Amino acid sequence: MNSSGKSSAGIGIDNHTQMPARPDLIRLIIGVCGVGSSGPLIAMSAMPVPTLIFWRNFGGALLTLPFALRHKVTRTGVQLAALAGVLLALHFVGFFLSMRMTSVAAGTALVATQPIYAAFFVKLTGGHIPGKAWVGMFISFLGVLLVTGVDLQLDKKSFLGDLAALIAGALAAAYMLVGSRAQQQMETTSYTTICYFVCSITALPMALLLGYEVIHFSAREWWILLGLILGAQLLGHTVFNSTLKRVSPAIVSMIVFFEVPVAAILAFIFDIGKQPTLSIIPGVVLILLGCGLVVLRNTKESSVEL
């Protein structure tokens, strides 16, 4: 922490709990709608997971590239953006698998545990974790046990999907923290172009080595992919990334919680993917409540270096 009261990411301590300014709040609401469409669309798609990750991020990189060419980059910024891209690719593998194996509601709720992992990462690097955050983590952990326990009783595939979602949540936390630091070194469009491109070229070898199809798909699959690029990638990830220069990753993580009801409602309305049982609802509620306690700490306790 430097003398100006800012963390290593360049965000003031108080900003870890401060409500974003109206323009950023509008961006975050748009971002929630964007990422909320991700789970249902992934569940609809039959494209292999690595192939879907490749095209989604390659398309996102191409769309932000013209804007990125206007700005200069630093070596540190490029390195951080590249690392974020690898983390994003691994996160997508876990998240996409979970959408195919378990219900959209359970998968998105378990991925939403990313602030819990972020708190652990901070603790491992010597940061301070407030007492309220530990209570929140315990509550969320109980929720995770409820959701995964119910799914384990239903079938093994759902349980494995839950585990994939939990891993994806950890990778999402790492991706967001690294991305926040990268954007103190460069413009958002430069960051997203590098990050998405590295993510795509990380996923492509997976698809080729596993023998998955990369090009020949029906028109329906390409339309779903276009929806993912425009919705989840540009209106979701890119809009969220644009706020990280001014808004704490803790606040962005909190806003991401609302992806869970958005995705669940869309999946229910359009009858997409595996439908959840009512028995997972208490677990989902506990996960969201616990995560809320982790990020909604008071200002005096907010000395965590995110």
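None of these values were measured; they are calculated from a predicted model. All values below were derived from every heavy atom in this structure, side-chain atoms included, with hydrogens, water molecules and symmetry-related copies excluded.
Rounded to the nearest 0.5 Å, atoms CG (Leu142) and CG (Leu286) are 6.5 Å apart. Residue Leu90 holds its CG atom at 5.5 Å from CE of Met206, rounded to the nearest 0.5 Å. Remark: Gln185 CD to Arg75 CZ distance equals 13.0 Å, nearest 0.5 Å. The CD atom of Gln233 sits 7.0 Å away from atom SG of Cys199, with the distance rounded to the nearest 0.5 Å. Between the OG1 atom in Thr189 and the CG atom in Leu65 there is a gap of 9.5 Å [rounded to 0.5 Å]. Here Leu226 contributes atom CG and Leu41 contributes atom CG; the two are 10.0 Å apart, rounded to the nearest 0.5 Å.
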Candidate pair Ile53 and Ser200, rule side-chain contact (heavy atoms from CB on, under 4.5 Å), full reasoning:
CA-CA 6 Å; Ile53 296 170; Ser200 68; over 6 Å; no
Residues His91, Leu88; criterion side-chain contact (heavy atoms from CB on, under 4.5 Å); working and verdict:
CA-CA 5 Å; His91 158 73; Leu88 182 60; 4.1 Å; yes
Would Thr102 and Asp162 count as a side chain to side chain donor-acceptor pair (under 3.5 Å) here? Give the steps.
CA-CA 7 Å; Thr102 189; Asp162 292 344; 3.1 Å; yes
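Taking the side chain as every heavy atom from C-beta outward, Phe67 and Thr192 never approach each other to under 4.5 Å. Side-chain atoms of Phe92 and Arg56, non-hydrogen and from C-beta on, do get closer than 4.5 Å to each other. Using a 4.5 Å heavy-atom threshold, the side chains of Leu234 and Val239 count as separate. In this structure the side chain of Thr51 never reaches within 4.5 angstrom of the side chain of Glu213, judged on heavy atoms. Residues Met99 and Thr108 are in side-chain contact: their nearest non-hydrogen atoms beyond the backbone lie under 4.5 Å apart. Side-chain contact between His237 and Tyr175: present, with at least one pair of heavy atoms (C-beta onward) separated by less than 4.5 Å. Inter-residue side-chain proximity for Leu63 and Leu230 is flagged as met; some heavy-atom pair is nearer than 4.5 Å. Side-chain contact between Arg27 and Ser242: present, with at least one pair of heavy atoms (C-beta onward) separated by less than 4.5 Å.
The backbone N or O of Val49 lies less than 3.5 Å from no partner atom in the side chain of Tyr212, so there is not a single donor-acceptor pair. A donor-acceptor pair under 3.5 Å is absent between the side-chain atoms of Ser38 and the main chain of Gly34, judged by distance alone. Judged by distance alone, with hydrogens and angles left aside, the side-chain atoms of Ser45 form no donor-acceptor pair with the main-chain N or O of Ile42 at under 3.5 Å.
Scanning both residues, Tyr117 and Ala173, for their nearest heavy atoms gives CB-CB, 3.9 Å. The shortest heavy-atom contact between Ala68 and Thr193 is CB-OG1, 3.4 Å.
Aromatic ring pairs are classed by plane angle as parallel below 30°, tilted from 30° to 60° and perpendicular above 60°; the pair Phe58 and Phe54 is parallel.
Under a cut-off of 6.0 angstrom, the local environment of CH2 in Trp223 is sparse, with at most 12 non-hydrogen atoms contributed by other residues, nucleotides or ligands.
Remark: the Thr238 side chain and the Asn241 side chain contain no N/O donor-acceptor pair separated by less than 3.5 Å.
Of the candidates Val32, Leu28, Ile26, Ile26 is the only one forming a side-chain contact (heavy atoms from CB on, under 4.5 Å) with Ile30.
Ring centroids of His71 and Tyr191 are separated by 6.0 Å or more, keeping the two rings apart.
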